[in-house]
Amino acid sequence: MADSLPGEGPSGGLTRSTLRSETLIVLALSLGASAVSALISFVGALTKPGGLKDQAANLNSSQAPGRPWLDLAWQLFGIATALVPVVLVAHLLLRERAGGLRALGLDRRRPGFDLGWGLVVAAGIGGSGLLLYLGARAAGANLTVVPESLPDVWWKFPVLIASALQNSVVEEVIVLGYLLRRLGQLGWSPTAALLTSSLLRGSYHLYQGIGGFIGNVVMGAIFVLIYRRCGRTAPLIVAHATIDLVAFTGYALLAGRVGWLPTG
């Protein structure tokens with residue numbers, strides 16, 4: 001149990017107006033912008049002739065087909081730039097004298113706890129998430145998710161691993177640790193903060209369809225409850241990275257080889 005619940009920390013003398021503006025800027029530079037992009041993509045998919053399941057949502061695709069070294073450069077550039085908002089959050093928490101990302105429970109103090117509970121959470125959520133996706137797609141409420149369509153080159157799996165890590169760090173630091181901390185400092189109730197974090201998580205997955213939205217709202221709520229219990233983002237980063245890693249590499253290994261896995 002954490003000494004204090006996430007979001008109860010002092011604001012370092014920052015005014016409510018500053019905290020509010022800062023939070024909106026961080027979201028506008030990261031997952032808030034992704035939510036708007038996902039909404040536009042979802043509207044486009046809905047208004048396109050044919051059903052949702054006949055369309056594909058590509059997660060890790062080639063940026064320079066036929067030019068593997070240029071493609072690799074673009075892949076690494078995309079991963080690195082996506083992490084910049086996390087660096088911004090760390091800077092803001094240092095300015096606040098909160099200890100940087102340690103204030104969100106992202107450190108090396110409890111590696112065994114973080115790894116063990118992360119894998120337990122991943123096992124519980126990963127299987128149910130796959131079943132929800134398959135059911136939503138069969139019902140015509142979800143696009144066909146293509147976790148990767150990278151060329152078969154030497155850097156394919158290292159990039160997929162890096163992508164899974166980047167996704168997990170960005171999402172859990174910003175939409176879980178940072179957002180809950182700021183909403184708590186702004187006086188939001190625990191229920192309102194949970195709903196906001198969960199709905200934001202679901203909204204930037206709308207590009208996948210209704211199933212992706214609902215599944216990630218539920219996952220977001222579970223993650224908030226776990227985070228409030230342990231006060232650490234690290235095990236949830238492990239869980240999220242594990243789920244994405246299995247999805248990305250599993251698809252790369254199984255697509256076209258098993259009948260139950262939809263392909264784009």
Side-chain angles (χ1 to χ4, degrees), residues 1-11 19-20 22-24 26-27 30-32 34-35 38 85-86 89-90 92-93 96 98-99 101-107 109-110 113-129 132-133 164-206 208 210-244:
M1 172 74 73
D3 294 335
S4 61
L5 292 177
E8 289 186 343
S11 61
L19 291 174
R20 189 180 299 111
E22 173 196 287
T23 304
L24 291 174
V26 170
L27 292 178
S30 57
L31 297 171
S34 297
V86 175
V89 166
L92 294 171
L93 292 175
E96 188 185 327
L101 296 180
R102 173 177 280 192
L104 308 180
L106 181 53
D107 51 43
R109 287 181 295 175
R110 304 179 67 185
F113 174 88
D114 296 336
L115 179 61
W117 277 105
L119 294 177
V120 169
V121 173
I125 291 180
S128 57
L132 175 62
Y133 160 66
L165 291 172
Q166 171 251 297
N167 288 343
S168 61
V169 170
V170 171
E171 293 189 38
E172 304 318 325
V173 166
I174 294 175
V175 81
L176 186 63
Y178 174 76
L179 183 59
L180 289 180
R181 180 180 179 87
R182 286 294 183 254
L183 294 181
Q185 291 168 333
L186 288 169
W188 287 44
S189 71
T191 299
L194 181 149
L195 289 174
T196 300
S197 176
S198 302
L199 289 172
L200 175 58
R201 188 187 295 268
S203 66
Y204 58 75
H205 286 93
L206 255 178
Q208 298 177 9
I210 298 297
F213 172 78
I214 294 175
N216 279 280
V217 168
V218 174
M219 173 178 164
I222 294 172
F223 272 32
V224 169
L225 294 174
I226 295 173
Y227 178 56
R228 285 177 172 165
R229 180 68 180 174
C230 70
R232 297 182 61 75
T233 56
L236 298 166
I237 288 173
V238 171
H240 191 151
T242 301
I243 292 169
D244 280 6

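Treat the numbers as computed from the prediction; the structure is a model and nothing was measured. Computed from heavy atoms alone, side chains included, the values below leave out hydrogens, waters and symmetry copies.
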**Report entry** With W117, the side chain to side chain contact (heavy atoms under 4.5 Å, CB included) member among L119, L115, V120
**Finding:**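 Exactly one candidate clears the test, V120.
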Query raised in the report: Could you give the distance from CD1 (I237) to CG (N167), rounded to the nearest 0.5 Å?
Result: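 Nearest 0.5 Å value for the CD1-CG distance: 12.0 Å.
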Query - Between CD1 on residue I226 and CD1 on residue I125, distance to nearest 0.5 Å - result: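 One gets 6.0 Å once the value is rounded to the nearest 0.5 Å.
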**Report entry** side chain to side chain contact (heavy atoms under 4.5 Å, CB included) evaluation trace for Q185 with E96
**Finding:** CA-CA 12 Å; Q185 291 168 333; E96 188 185 327; 2.9 Å; yes
Query - Chi angles and distances behind the side chain to side chain contact (heavy atoms under 4.5 Å, CB included) call for I174, L27 - result: CA-CA 8 Å; I174 294 175; L27 292 178; 4.0 Å; yes
Given 3.5 Å as the limit, does a donor-acceptor pair link the side chain of [X] with the main chain of [Y], or not?
X    : Y    : answer
T23  : R182 : no
S203 : L200 : yes
S168 : H240 : no

**Report entry** side chain to side chain contact (heavy atoms under 4.5 Å, CB included) assessment of V218 paired with F223
**Finding:** CA-CA 9 Å; V218 174; F223 272 32; over 6 Å; no
Quick one: closest heavy-atom pair of [X] and [Y], and the distance?
X    : Y    : value
P235 : F113 : CG-CE2, 4.2 Å
L180 : S197 : CD2-CB, 4.2 Å
D244 : A164 : CB-CB, 3.7 Å
G212 : N216 : O-ND2, 2.7 Å
V170 : L31  : O-CD1, 4.1 Å
A239 : A122 : O-CB, 3.6 Å

Query raised in the report: Can you check whether L101 reaches T233 side chain to side chain, under 4.5 Å on heavy atoms?
Result: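 The answer is no, as the side chains (C-beta and beyond) never meet within the 4.5 Å cut-off.
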Report task. Report yes if the side chains of R232 and D107 come closer than 4.5 Å at any heavy-atom pair, otherwise no. Result ->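 Yes - at least one pair of side-chain heavy atoms lies under 4.5 Å apart.
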Query - Pairs involving residues 183-204, ordered by first then second residue, that meet salt bridge (charged side-chain N to carboxylate O under 4.0 Å, His left out) (sequence neighbours left out) - result: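 Output for this query lists E171-R201, E172-R201.
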Query raised in the report: Taking only residues at least two apart or on different chains, which pairs with a member in residues 118-128 satisfy salt bridge (charged side-chain N to carboxylate O under 4.0 Å, His left out)?
Result: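 Passing the test, one end in residues 118-128: no pairs.
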Requested in this report: Report the C-alpha separation of L104 and V89 in whole Å, then their side-chain angles, then the decisive distance to 0.1 Å, and conclude whether the side chain to side chain contact (heavy atoms under 4.5 Å, CB included) test is met.
Outcome: CA-CA 10 Å; L104 308 180; V89 166; 4.3 Å; yes
**Report entry** Any residue meeting salt bridge (Lys or Arg N to Asp or Glu O under 4.0 Å) with R20, in chain and number order, not counting sequence neighbours
**Finding:**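 Per chain and number, R20 pairs via salt bridge (Lys or Arg N to Asp or Glu O under 4.0 Å) with no residue.
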Report task. Establish, for the pair R181 and Y178, whether the NZ or CZ atom is under 6.0 angstrom from the six-membered ring centre and no further than 45 degrees off its axis. Result ->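 The answer is no, since R181 fails at least one limit relative to Y178.
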Requested in this report: Look at D114 together with R109 and state whether they make a salt bridge at an N to O cut-off of under 4.0 Å.
Outcome: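 Looking at R109 together with D114, the answer is no, because their closest N to O distance does not fall below 4.0 Å.
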